[in-house]
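Sharing a structure, written as structure tokens. Questions coming.
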Protein chains: 2
Amino acid sequence: MKRKVTLKQIAKELDVSISTVSKALRNSIEISEDTRQKVQAFAKLYNYRPNNIALSLKNRKTKTIGIIIPEIVHYFFSKVITGIELVANKRGYNVIVGLSNESFDKEVINMQMLANGSIDGFILSIAKETLQQQDYHHFIETINQGMPIVMFDRVVNEIPCDKVIVDDVKGAKKAVGKLISGGCKHIAIITTKDYVSVGKLRTQGYLEALEDHKINPKASLILKIEDKLLSDDHLDKLENEIEQLFKSNTAIDGVFAVNELYAVTAIKVARKLGLEIPKSLQVVSFTDGVLSKHSTPSLTTVSQHGQEIGEKSANLLINRLELDENDEDEEIFETVVIETNLIERESTK
Amino acid sequence: MKRKVTLKQIAKELDVSISTVSKALRNSIEISEDTRQKVQAFAKLYNYRPNNIALSLKNRKTKTIGIIIPEIVHYFFSKVITGIELVANKRGYNVIVGLSNESFDKEVINMQMLANGSIDGFILSIAKETLQQQDYHHFIETINQGMPIVMFDRVVNEIPCDKVIVDDVKGAKKAVGKLISGGCKHIAIITTKDYVSVGKLRTQGYLEALEDHKINPKASLILKIEDKLLSDDHLDKLENEIEQLFKSNTAIDGVFAVNELYAVTAIKVARKLGLEIPKSLQVVSFTDGVLSKHSTPSLTTVSQHGQEIGEKSANLLINRLELDENDEDEEIFETVVIETNLIERESTK
DNA sequence: TTTCAACACGAAAACGTTTGCGTAACGCAA
DNA sequence: TTGCGTTACGCAAACGTTTTCGTGTTGAAA
């Protein structure tokens, strides 16, 4: 087992100084053609590669991006990571991942673990618990220490950083608009409690779409699910709530669900109740994931372009990192909106 | 914007030496109660945290694990990462992720980027292209440089490292056994070409199950899909192939699919052909992912326990890392088999 | 012969830690 | 006064780089 070879070892072996070896490898003109070749040959033979940690210490940057997301077993978030990793790699950066598990504490701890030199900047999406508590001091402190953050999807406006979001309101309006133009008169929404910002915004889009078409919203058609029901254990409870919705509003002919799971569950329940999709009930959901594509009937969905969000976030962050070096701090932050688009499939007419 | 405070700054500010500060913070008995408190108070005030990179350089270990997987938008792999991150975090490690995208070159490059000091060891699952080319020199070299590897799921035996796998053969036998005991006489398998090791093993399990029950395998019931068809673009082609299978073998009353996508696609095609699930056709798939749980009918699947695989892998790796320190190199490698289990749902009787 | 570039290389500092060892100052016993 | 043991601290090395600056050796011009 040969350990990794260092400059020092090469230097000793070739009986020159460390600096000579370093310069030779970097093709410095200070070094004679002769020694340069000798050193390079030796380095190649022993497969020399500069030690990243030493470089990080010297250069005071790690060429590594920290990602903090609530969970990774999730179509949207993993798509975002794919996008981040893609451009990070292309631009010579590595990607280190922390999962907050939707917990405030884990989010804070994860950030602290990474903020002490391990990374150059963060890309993150805020945990639900953090949104609920509205405690953002860890973001502020990180930024104050000169470490830039890019937030995506779940953002909060008062933090001074770049942001990449989807236009949830507009996306929801597209979805509901599709139902309306498909002839639906009684459109229900299945959404989350309001503290989840995206749920709130999508609900807002639903209401605006109705208003635009002079349809009076009915409180009984708005089903706000306690968010914990997303975990698989509470599937029964979710089904029950949706069943109640349908039973007490038999006129429903369209459903807008703020995520795939709500949509497929609604379809399952509707079928049980004898409704035909899309003939007597049309369904549109948010998040164009694997369920939408492959369940039967396939779902008409609002695609969020997760990968694009990841790519944009990474580019924003790296741009800022590589700008900081030379220029003064540009304290102008961008908020990029990635357009959604509606993918029409079998669950609508 | 106050930059991160260092020992040197504290030392200068308090007019003591760097070593005094360091020792005071680590509660060394060499330091007087007085200075210790002064230093600790100051450090707390300025929120001092030791720089990870400097520690890594000094200790020659990074407390970071590198993960290389083919893709991340994938239920199984993201579950594995969840498991890895869980125990890594608990044991004080970070996790850095590289995606090979099933490409040999990206796998090699990713490993090289990380192997130069950024991490202490790898957990990985081999890219399909690598399996096809059977070129494993990058693994061997990494190991020779003293960096341990743990392979999971897609492994190759000749590499000297710990491995965590599922018993694909046994899992497949369970799946096919379920179909047989449910009364199926003509069971088809939808699998991948043989170079994908798991596809090959699951096919083997299928054959063994048939043999155990004295059923003669028929070549026409074995459909081997060219793997690229997993990408969504080629869904049509996949459907066509499956349709051909059904049409030329009308007696088929059971299908074993080696992944969820093949299973739901088979169901979709079968329905189009007028077959009822599970009455006239029963389906079992491998990989207990989101499709299995939430599609209609829900799928009976072989669960691989991805998270457990991740946890076990991380524990194996970290154990080895922390053993290397003191003891001699233990050159005894483990191969842990995580048991699968069959989850019965609506797609079987 | 003297002087001075040009050349080719080495020494050392710096990045931020930890730690073994040396030592000044002090008190106290001989 | 000498000697010795504590106590409380500082020095310096080490981890592996890069880079600035200094310097010894040439060869050639004056």
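Reckoned from all heavy atoms, side chains included, excluding hydrogens, waters and symmetry mates.
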A:Asp162 (side chain) donor-acceptor with A:Ser313 (main chain) under 3.5 angstrom: no
Aromatic plane relationship, A:His137 with A:Phe104 - under 30° parallel, 30 to 60° tilted, over 60° perpendicular: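 Ring orientation, 0 to 90° scale: tilted.
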CG (B:Asn27) with more than 12 external heavy atoms under 6.0 Å: yes
Pair A:Glu102 + A:Arg154, salt bridge at N-O below 4.0 Å: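 Looking at A:Glu102 and A:Arg154, the cut-off is met.
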Sequence-aligned protein contact record of nucleotides 18-26 of chain D, with B where the base is within under 4.0 Å of a protein heavy atom and S where only the sugar-phosphate is: BBBB-----
Toward the 5' end of DNA chain D, by each residue's nearest nucleotide, B:Ser17 or A:Arg49: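 Taking each residue's closest nucleotide, the earlier one in sequence belongs to B:Ser17.
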C:dC15 phosphate, OP1 or OP2, under 4.0 Å from B:Lys8 side-chain N/O: yes
For atom NZ of A:Lys38 and atom C1' of C:dC9, their distance in whole Å: 12 Å
Integer-rounded Å distance: C:dG16 C1' and B:Gln9 CD: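 Rounding to the nearest Å, CD of B:Gln9 and C1' of C:dG16 are 11 Å apart.
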B:Thr35 vs D:dA8: side-chain N/O to OP1/OP2 distance below 4.0 Å: no
Integer-rounded Å distance: C:dA8 P and A:Ile29 CD1: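 About 10 Å, once rounded to whole Å.
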B:Glu322 with B:Lys63: basic N within carboxylate O range, under 4.0 Å: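 Salt bridge: yes.
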B:Lys4 and A:Asn116 side chains, donor-acceptor separation under 3.5 Å: yes
Value in whole Å for how far the C1' atom of D:dC9 lies from CG of B:Leu14: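 These atoms are roughly 14 Å apart.
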Stretch residues 111-119 of chain B: residues that reach within less than 4.0 Å of DNA chain D through a heavy atom: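 Hits under 4.0 Å, by residue number: none.
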Nearest-0.5 Å distance, CE of residue B:Met111 to CD1 of residue B:Ile119: 7.5 Å
Touch class at under 4.0 angstrom, heavy-atom based, for A:Ser56 against every strand present: nothing
d(NZ, B:Lys61; P, C:dT17) in whole Å: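 Whole-Å distance recorded here is 18 Å.
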Axis bend over the full length of the helix from C:dT1-D:dA30 to C:dA30-D:dT1, computed from five pairs that close each end, to 10 degrees: 100°
Rounded distance in Å - CZ (B:Arg36) to C1' (D:dT7): 13 Å
B:Leu57 CG to D:dA13 P, straight-line distance once rounded to whole Å: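 Value for this atom pair: 17 Å.
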Length of the line joining B:Arg60:CZ and D:dT17:P, which is rounded to integer Å: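 Checked: the CZ to P distance equals 11 Å.
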Touch class at under 4.0 angstrom, heavy-atom based, for B:Ser28 against every strand present: nothing
